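Every value quoted in this text rests on a predicted model; they were computed, and no experiment measured them. Here is the naming used below: chain letters follow the sequence lines, and residue numbers restart at 1 for every chain.
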Amino acid sequence: MHIIRCPYCGERDEHEFHYGGEGHIARPSDPDALSDDEWGDYVFKRKNPKGWHYERWLHEAGCGRWFNAVRHTVTHEIYCTYEVSDPMPELPE
Amino acid sequence: MRPRYSIFSLARNALSHHKNWQRQWRSPDPKPEYDAVIIGAGGHGLATAYYMAKEHGMTRIAVLEKGWLGGGNTGRNTTIVRANYLQDESTGIYAHALGLWPGLSKELNYNVMFSPRGVMHMAHTEGDLKEIARRHNANRLQGVELEFLAPRQVKEFCPIINISPDVRYPVLGASLQRKAGVARHDAVAWGYARSADALGVDIIQNCEVTGFDVEGGAIAGVQTTRGNIKTPKVGCVAAGHSSVLADMAGLRLPIESHPLQALVSEPLKPVMNTVLMSNTVHVYLSQSDKGELVIGAGADLYNSYAQRGTFSVVEHQMGALRELFPIFSRIRMMRSWGGIVDICPDASPLLTKTSIKGLYFNCGWGTGGFKATPGSGHVFAHTIAQNEPHPIAAPFSLSRFSSGRLIDENIAAAVAH
């Protein structure tokens, strides 16, 4: 069971959170210019790395706000959590 | 030529106290070159190699496995075999597989213990009933036989179930597919391995792929922990690790890897005569021939490559089990484990060529790949050997994520994710 630090509320139990998948996926700035393959890539394809993963979480049963986390997909260690507007943090060694 | 298994070979070996059984397959070193390489010696990979050798005459094939044969999701699933999905394309592949299951023991000369004891999908809400009605109508048009059971009939078919109306999610009915059931998962991997090996396929365990050699947009070979292997065709059948392989080839897949847990109880006398699946309360249950209850749950929420799940899922699963089966309230659980399942956004698999010539992927089976093992191997063997998708496999290409022709099975796949 995880203790996850919501950037707005502090440390809470995993039960309060909902997972939101890969983070930092920017909506295309000129959607009309995209090919079908590029749209498919944006909508469906994911990095799905074995290792550190930038991802989104929702503090569903708390403040109800989205935030980002860097979490390891093998050890499940959470390196950091940060607000959606914050820059992408450097990955740990 | 390898001796066939039969009642006579059993009797003969009993006379020598079972000390003279032959090895079931060889353990060869990798050769420098093959006509095709399959990555992943699970059920799907071994079945692919078997059908390539048997039906397409390709015998210079290697199956590379980073761990041990059948040690991934093949040995970790809850062994349910059924074919009651929603879309026509899905019924194409799952019914094809279900058609191969009854003859599989004979085909492989290996008892895969296929037991068509029926699979019951439970309805606990008005919405469930409507979903079952919709799926029954779709399946009827596809020629799949299903029956609807009212609560009293559910109780007759499976006497230990609790159909009392005064619980949180009462049993309102069930959808029964009588031809569905369970099979022995390890035996499926072992049977395909033994038969493929007998046809000359090299199964190479403890051999992890670390990279691909691509020349002029075509596959030229694979790099492994046991040396480089030249080959013009590579089939990736690596389930939860498919994205890792795709990344080595510079490709992106519409797949996320999640843990899916299961657990077994201590052995009991025979009490559970069928397979029960419940989407709403989220538990899947059957009883193995050893007497253990085999219990599955929903997939864990977050991406993970750790072969274990979270406790909250187990707690949820046990709560659901207790409400449906008060008789099990005091049994103890013996083992729990997790497998890494590869989930596509539409909960349907990928059986596909890629932008790299000679590189093929068979993945995305998500939470329910075991049931498809024979069918998946059969059509994927065709796809690789002919370099052209088998008609049943064609709708499951990667291009559906550009064209938008998705095959949405998020409800019929049953396991929530």
Quiz item: Nearest 0.5 Å, what's the CG-NZ distance between Leu398(B) and Lys45(A)?
Solution: 4.5 Å

Quiz prompt | Within 6.0 angstrom of Phe311(B) CZ, more than 12 heavy atoms from elsewhere | solution = no

Practice problem: Examine whether an atom of Ile255(B) lies under 4.5 Å from a heavy atom of chain A, and if so say whether it belongs to the side chain, the backbone or both; otherwise answer neither. | Solution: both

Exercise. Would you mind checking which part of Leu406(B) comes under 4.5 Å of any heavy atom in chain A, side chain (CB onward), backbone (N, CA, C, O), both or neither?
Key: side chain

Self-check item: Side-chain heavy atoms of Leu301(B) within contact of Phe17(A), under 4.5 Å
Solution: no

Quiz prompt | Shortest non-hydrogen contact between Ser243(B) and Lys47(A), atoms and distance | solution = CB-O, 4.3 Å

Exercise. Classify the ring geometry between Tyr302(B) and Trp57(A) as parallel (under 30°), tilted (30 to 60°) or perpendicular (over 60°).
Key: tilted

Quiz item: Hey, which of His2(A), His18(A), Arg71(A), Glu22(A) has the most heavy atom pairs under 4.5 Å with chain B?
Solution: Arg71(A)

Quiz item: Which residue, Ser242(B), Ser257(B), Pro254(B), forms the side chain to side chain contact (heavy atoms under 4.5 Å, CB included) with Asn48(A)?
Solution: Ser257(B)

Quiz prompt | Part of Thr75(A) lying under 4.5 Å from any heavy atom of chain B | solution = backbone

Quiz item: Got a sec: does the CZ of Arg5(A) have more than 12 other heavy atoms crowding it under 6.0 Å?
Solution: yes

Practice problem: Assess whether atom CZ of Arg226(B) is packed by more than 12 heavy atoms of other residues, nucleotides or ligands within 6.0 Å. | Solution: yes

Practice problem: Tell me, out of Asp37(A), Val74(A), Thr73(A), who's got the most heavy-atom pairs with chain B below 4.5 Å. | Solution: Thr73(A)

Quiz item: Where does Glu38(A) contact chain B at under 4.5 Å (heavy atoms): side chain, backbone, both or neither?
Solution: neither

Quiz prompt | Region of His15(A) in contact with chain B, defined by heavy-atom distances below 4.5 Å | solution = side chain

Quiz item: Can you name the nearest heavy-atom pair linking Val244(B) to Lys50(A), along with the distance?
Solution: CG2-CB, 3.9 Å

Exercise. Kindly check if the number of other-residue, nucleotide or ligand heavy atoms within 6.0 Å of CZ (Arg252(B)) is above 12?
Key: yes

Quiz item: When only pairs under 4.5 Å are counted, which of Asp342(B), Asp346(B), Asn303(B) shares the most heavy-atom pairs with chain A?
Solution: Asn303(B)

